[in-house]
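Reviewing the structure listed below.
Numbers for residues simply follow the sequence, beginning at 1. Because the structure is predicted, anything quoted here is derived from the model rather than measured.
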Amino acid sequence: MTLFRKLVILFSVVILGTLSATLTIVYFKSRESIIDLSKEKAVSIVQTIDSALLSDVPDYQFESVLLNLKRQNPDLVSFDIYKLNDFLYDIASTDPRRIGSQASPSSTIALGERRILTSLEGSTIDLVVPLTGYAGMQYSANVRLSIAADLASLKGLLTDILVAGACALLVAVACAWLFTRQVLSKPLQSMMDAANEIAAGNFSVTLDASRRRDELGSLARGFERMARSLQQLVAQMGETAEELYSDFKQLIENGDYTAHGALHMADVLQHVRDGIERVMANVRQLDGHLAEAAAAAAATAETRRSRSNEPDFEPMRRTVSRLMEDLTQVMRDLDGLSTTARGQLSAVQQVNRTAGRLSERASELHQLMASFEV
């Protein structure tokens, strides 16, 4: 369900609830007012009889008075006057068949408590009013008034209000529908379409709602600014991705050259070490020959008993010994250089592998940025 439909439903529910509450309040308040007015009307009718009782009107004349009151008041259902003479009995009534009947217990209660008793049965109001006639004679007036006509008028009024409210509800729903569609739904839908365009790579979006001066207009203008900022950001990211791709490519090429150089250096050092080992072998062989020659010379001198003319081989052997020590130190240095070269070669190869992966990512990022219409 779309947003504007939800708003229309909410708006309709609020109006319908308000209309229902208004009709309920009007009905009960109007009914209460009708009942109060009917009570006042009944009391005013009773006051007419009270004046006649105080003027010592004979009992037989009350019937004509009551019939006259009934003709004047169409809502008067019945009017009975009970006189206290050992017990309450009917002395006058709008219904001649009730004359001489005994009063209801409510009349006795009203006389005993000296207060008016009222009750409502359907659309009829019953009032029991205690009265005091001439010379303190006690009477009870029982009046029944119909409020059916007033209730019918009230129902007609409520029907008119209901019809007017229903028409107002339809108009309000139509206005809410147009309002939410034109003011809320269409701008939001256009923003959603613009967001889809941006997601597809088209940053050149223009919103009609940006010309509005309300919050939605501010939102639309902010959306357009965001689109322009994203366009610039994507352009910068594309340039950066291209630069990264070029830099990583150059780094890989330089790493290859460095790796080849380190490998070549390691090979050269290995060849030099092999040559030094061959020289050391020759030097050892020379040292052996010198030792043999020195031993032979010593034996000859011992035979001849004279060493004055024999060559001295010790200086040459010492020189050979120092040469071997120097060559051994050179070999240790070459071993250190070879280890360093192999370590550099391994490091350069690791850097090349990492740079290769980064180059692939930079290439993918470059292709992704190129897919946007910047």
Side-chain angles (χ1 to χ4, degrees), residues 21-159 161:
T22 302
L23 289 175
T24 302
I25 293 173
V26 169
Y27 174 76
F28 284 104
K29 289 295 183 181
S30 300
R31 182 181 176 89
E32 184 178 350
S33 299
I34 291 173
I35 293 173
D36 292 337
L37 291 175
S38 299
K39 290 179 181 179
E40 295 177 359
K41 183 178 180 180
V43 170
S44 64
I45 293 174
V46 172
Q47 288 175 350
T48 303
I49 300 299
D50 190 23
S51 300
L53 292 173
L54 291 175
S55 61
D56 196 19
V57 175
D59 294 344
Y60 63 87
Q61 292 185 0
F62 281 115
E63 185 175 356
S64 60
V65 174
L66 296 180
L67 293 175
N68 186 39
L69 287 174
K70 186 174 183 180
R71 285 193 298 270
Q72 294 176 359
N73 297 279
D75 296 332
L76 182 61
V77 177
S78 64
F79 198 147
D80 295 281
I81 300 176
Y82 295 90
K83 182 177 182 181
L84 181 59
N85 188 5
D86 294 334
F87 59 91
L88 282 170
Y89 63 94
D90 200 341
I91 61 171
S93 175
T94 54
D95 186 2
R97 293 172 297 180
R98 296 178 58 85
I99 297 176
S101 61
Q102 190 174 357
S104 61
S106 59
S107 299
T108 305
I109 295 173
L111 283 176
E113 298 180 359
R114 305 301 301 173
R115 66 184 181 88
I116 300 176
L117 300 179
T118 61
S119 62
L120 179 63
E121 296 180 1
S123 61
T124 303
I125 297 177
D126 292 339
L127 278 84
V128 180
V129 183
L131 301 174
T132 302
Y134 182 76
M137 183 61 68
Q138 299 296 314
Y139 294 88
S140 174
N142 290 20
V143 183
R144 300 187 67 194
L145 284 177
S146 174
I147 59 173
D150 295 331
L151 293 178
S153 300
L154 175 61
K155 290 181 180 179
L157 176 63
L158 292 177
T159 301
I161 295 175

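- The minimum heavy-atom distance between Tyr82 and Gln102, with the atom names listed, is CE2-C, 3.9 Å.
- Heavy-atom neighbours of Arg97 CZ from other residues, nucleotides or ligands within 6.0 Å: at or below the threshold of 12.
- Leu117 CG to Thr108 OG1: the interatomic distance, rounded to the nearest 0.5 Å, is 10.5 Å.
- For the pair Leu111/Leu88, a side-chain contact is recorded, criterion being any heavy-atom separation below 4.5 Å from C-beta on.
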Under 3.5 Å, side-chain donor or acceptor atoms of residues 23-36 against the rest of the protein: list the pairs with distances, not counting sequence neighbours.
{"residue": "Thr24", "atom": "OG1", "partner": "Ser20", "partner atom": "O", "Å": "2.8"}
{"residue": "Ser30", "atom": "OG", "partner": "Val26", "partner atom": "O", "Å": "2.6"}
{"residue": "Ser33", "atom": "OG", "partner": "Lys29", "partner atom": "O", "Å": "3.0"}

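- Going from atom CG of Leu76 over to atom CD1 of Ile45 covers 5.0 Å, rounded to the nearest 0.5 Å.
- For the atom pair CG (Leu67) and CG (Asp95), the distance works out to 10.0 Å, reported to the nearest 0.5 Å.
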Show me the donor-acceptor pairs, under 3.5 Å and distance only, between side chains in residues 141-155 and residues at least two apart or in other chains.
{"residue": "Asn142", "atom": "OD1", "partner": "Ser107", "partner atom": "OG", "Å": "3.2"}
{"residue": "Asn142", "atom": "OD1", "partner": "Ser140", "partner atom": "OG", "Å": "3.3"}
{"residue": "Asn142", "atom": "ND2", "partner": "Ser107", "partner atom": "OG", "Å": "3.2"}
{"residue": "Arg144", "atom": "NE", "partner": "Asp126", "partner atom": "OD1", "Å": "2.8"}
{"residue": "Ser146", "atom": "OG", "partner": "Ala148", "partner atom": "N", "Å": "3.3"}
{"residue": "Ser153", "atom": "OG", "partner": "Ala149", "partner atom": "O", "Å": "3.0"}

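- In this structure, Ile116 and Lys39 have side chains that are not in contact, with every pair of non-hydrogen atoms separated by 4.5 Å or more.
- Counting heavy atoms from C-beta outward, Thr132 and Gln138 have side chains that approach closer than 4.5 Å.
- Note that CD1 of Ile109 and CZ of Arg115 are 8.0 Å apart. Values are rounded to the nearest 0.5 Å.
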- Task: Report the C-alpha separation of Val46 and Leu127 in whole Å, then their side-chain angles, then the decisive distance to 0.1 Å, and conclude whether the side-chain contact (heavy atoms from CB on, under 4.5 Å) test is met.
- Result: CA-CA 10 Å; Val46 172; Leu127 278 84; 6.0 Å; no

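- Looking only at side-chain heavy atoms (C-beta outward), Ile81 and Phe79 come within less than 4.5 Å of each other.
- The two residues Val128 and Pro130 come nearest to each other via the heavy atoms O-CD, 3.9 Å.
- For the pair Thr124 and Leu120, the tightest heavy-atom approach, listed with the atom from each and the gap, is O-CD1, 3.3 Å.
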